[in-house]
Protein chains: 2
Amino acid sequence: MRNFLNVLKKCPLFFDLSDDNIITMLGCLKARTDIFDKNYTILSEGSPAKYIGIVLSGSVQITRTDYYGNRSILGNLCEGDLFSEAFACMQMTSMPVSVIANERSEIMFIDCNHILHTCQNGCPHHQQLIYNLMKVLALKTVMFQQKIEITSKRSTREKLLTYLTICAKKNNKNSFKIPFNRQELADYLEVDRSGLSAEISKLRKDGILECKRNYFKLL
Amino acid sequence: MRNFLNVLKKCPLFFDLSDDNIITMLGCLKARTDIFDKNYTILSEGSPAKYIGIVLSGSVQITRTDYYGNRSILGNLCEGDLFSEAFACMQMTSMPVSVIANERSEIMFIDCNHILHTCQNGCPHHQQLIYNLMKVLALKTVMFQQKIEITSKRSTREKLLTYLTICAKKNNKNSFKIPFNRQELADYLEVDRSGLSAEISKLRKDGILECKRNYFKLL
DNA sequence: TAAATTATGTTGAAATTTCAACAAAACGGA
DNA sequence: TCCGTTTTGTTGAAATTTCAACATAATTTA
């Protein structure tokens, strides 16, 4: 567990808590970890939400699949990111999404009730934990709004450019790698893959971007 | 202010707090109210987020408009609903959305910092307030996911049917009124208005729904 | 009540997306 | 390195959406 302290320190849930505090709290919170191989379903749609997940290593995708089999990708999470926190807070009996391991990933699970209700040990910094969780929830709302901003655009071209512009801002750079392959990017933008590929080709011809696989450069 | 106690009691932010407690807290929180006429902009895109808003009467819409002038409606809020809570929690310097009064509406504003940081008076139930705010944030995340579920559908017909099915579930009834006119519904579903009207006509002919203005009945 | 305004429905043409099928390129394991 | 697999690119046809323009209905205002 101690190996992951560096990750936890960067995790917004533990913001402003000392190493010692984090370690003590993990006990109170009854945190446990698990490893999942690539493509393994960590949490599946329809199951009850009880635990908050923290990505300790690797990366995961939040997805949903409708009855026609169309997959929609809601987001990609990396080291230090949390998932399922909103559903766990609400004690939802049926998760509306699945969480899939993108690669071999280690995940920490924390029972949400242990965060919301301070323990008898009276951890002095439990309050900070609650405060942090609130910030995480607020950030998630903003993240989804961003996804709505992207997918509300009417054309594949605009969706892609809106997404890439946001990526560029995040990276403070015009060139960057995205965490999706073509099919995944299409499922995130909610468009057809072949149409997306065609659009990327056009943008390349128009001199608007360079691109090689998941590397993009805006010109 | 006292007239609105009935609304505040139903407001999730004050869940599980007694009337007296609510009244006491409003003082500590330095809550203030304001009235806005129909179509008035309560908060505008780009301005800093400082206050949480509570709809005391009337209703408001959360909207965003891109540089081409395309309006996107993120949601419709009624009596007792909160808005801007995520942005205020994050102390965002530039709100990504606007909030517009749908009709003459009275709004209560609370400085988010007063909720997050317990006051010197040591209100005994301040903790409950924080806990409630967390649930509100979690619920908002779920609300946005629902909007994404709707707009991720590829055709106008599917978007509309997904939306109406969710409405029917919420109302526990196959017939209900929606809070949107045609243009607003189109802006919420992120589709063209005339195309939406055409699709409604088709669904009517196919015997799948009845509809008169904002009243719908699924068959 | 009539007139003006706003909301909704209808239509056809143009643009775009999806779909299916296949080609080309990149990758991974033996 | 070779081969099989996966990913990406390309294409044309069919379906759908958008757009513009106008007709009709409902609501509001004078």
Side-chain angles (χ1 to χ4, degrees), chain A residues 37-39 61 66 68-73 100 102-104 150-164 177-206 208-217, chain B residues 37-39 61 66 68-73 76 100 102-104 150-164 177-206 208-216:
Chain A
D37 279 331
K38 180 170 174 161
N39 294 329
Q61 279 180 353
D66 69 15
Y68 300 111
N70 299 315
R71 176 179 66 166
S72 170
I73 295 181
I100 314 283
N102 244 342
E103 54 194 299
R104 188 176 168 80
I150 293 166
T151 57
S152 73
K153 294 285 188 298
R154 300 301 168 80
S155 67
T156 298
R157 188 188 188 96
E158 269 194 290
K159 284 178 196 180
L160 175 62
L161 285 176
T162 304
Y163 171 69
L164 292 177
K177 283 190 173 186
I178 65 171
F180 300 126
N181 63 27
R182 286 289 175 281
Q183 182 63 61
E184 290 169 337
L185 180 57
D187 289 344
Y188 179 78
L189 301 180
E190 320 282 9
V191 298
D192 179 67
R193 181 198 61 78
S194 67
L196 173 61
S197 272
E199 203 56 52
I200 289 174
S201 295
K202 255 192 227 166
L203 285 165
R204 236 186 317 225
K205 272 176 207 148
D206 294 354
I208 293 173
L209 58 76
E210 285 173 14
C211 151
K212 198 184 175 191
R213 296 232 138 191
N214 67 339
Y215 167 87
F216 285 82
K217 181 171 186 176
Chain B
D37 279 330
K38 180 168 174 162
N39 294 329
Q61 280 182 353
D66 69 15
Y68 301 111
N70 299 314
R71 176 180 67 167
S72 170
I73 295 181
N76 189 284
I100 314 283
N102 242 341
E103 54 193 298
R104 188 177 168 80
I150 293 166
T151 56
S152 72
K153 295 284 187 299
R154 299 303 167 82
S155 67
T156 299
R157 188 190 188 95
E158 269 195 290
K159 283 177 196 180
L160 175 62
L161 285 176
T162 305
Y163 171 68
L164 293 177
K177 283 189 173 187
I178 65 171
F180 299 126
N181 63 28
R182 286 289 174 279
Q183 183 63 62
E184 291 170 336
L185 179 56
D187 289 345
Y188 179 78
L189 301 179
E190 320 281 7
V191 298
D192 178 68
R193 182 197 60 78
S194 68
L196 173 60
S197 272
E199 203 56 53
I200 289 175
S201 295
K202 254 193 226 165
L203 286 165
R204 237 187 316 227
K205 272 179 205 145
D206 293 354
I208 293 173
L209 59 74
E210 287 171 13
C211 150
K212 196 185 175 191
R213 298 229 136 191
N214 68 339
Y215 167 88
F216 285 81

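A, B, ... follow the sequence lines: proteins, then strands. Residue 1 opens every chain. This one's a predicted model, so the numbers in the text were calculated from it and none came from an experiment.
An end-to-end axis angle of 50° holds for the helix from C:dT1-D:dA30 to C:dA30-D:dT1, taken from five base pairs per end and rounded to 10°.
Judged as a side-chain hydrogen bond (donor to acceptor under 3.5 Å, both in side chains), and not counting sequence neighbours, B:T156 has no contacts. In terms of the salt bridge (charged side-chain N to carboxylate O under 4.0 Å, His left out) criterion, residue partners of A:R104 (sequence neighbours excluded) are, by chain and number, A:D37. Residues passing the salt bridge (charged side-chain N to carboxylate O under 4.0 Å, His left out) test with B:R157 are B:E199, B:D206, sequence neighbours excluded. By the ring pair (Phe, Tyr, Trp, His ring centres under 6.0 Å) test, A:F216 pairs with no residue at all, sequence neighbours left out.
At a non-hydrogen distance threshold of 4.0 Å, B:S194, B:G195 from residues 194-201 of chain B come into contact with DNA chain D.
Backbone-only contact: B:R213 has heavy atoms under 4.0 Å from sugar-phosphate atoms and none from a base. A:D192 comes within contact range of at least one nucleobase, with a heavy-atom separation under 4.0 Å. Using a 4.0 Å heavy-atom distance criterion, A:R154 is classed as a sugar-phosphate-only contact.
For the pair A:L203 CG and C:dT16 P, the interatomic distance rounds to 13 Å; values are reported in whole Å. Put simply, CD on A:E158 is 12 Å from P on D:dT18, counting in whole angstrom units. One can place CG of B:N70 at 12 Å from C1' of D:dC19, the figure rounded to the nearest angstrom.
Residue A:S155 is the one, among A:K212 and A:S155, whose nearest nucleotide of DNA chain C lies closer to the 5' end (criterion: closest heavy atom).
Of all heavy-atom pairs between A:P179 and A:E184, the closest is O-OE1, 4.0 Å.
Remark: the backbone N or O of A:E190 is paired with a side-chain donor or acceptor of B:R154 at under 3.5 angstrom. No side-chain donor-acceptor contact under 3.5 Å links A:N214 to the backbone of A:N181.
Between A:I208 atom CD1 and A:L203 atom CG the span is 5.0 Å, to the nearest 0.5 Å. Atoms CG and CD1, on B:L164 and B:I200 in that order, are 7.5 Å from each other to the nearest 0.5 Å.
Between the side chain of A:R193 and the base of D:dG9, a donor-acceptor pair under 3.5 Å is found.
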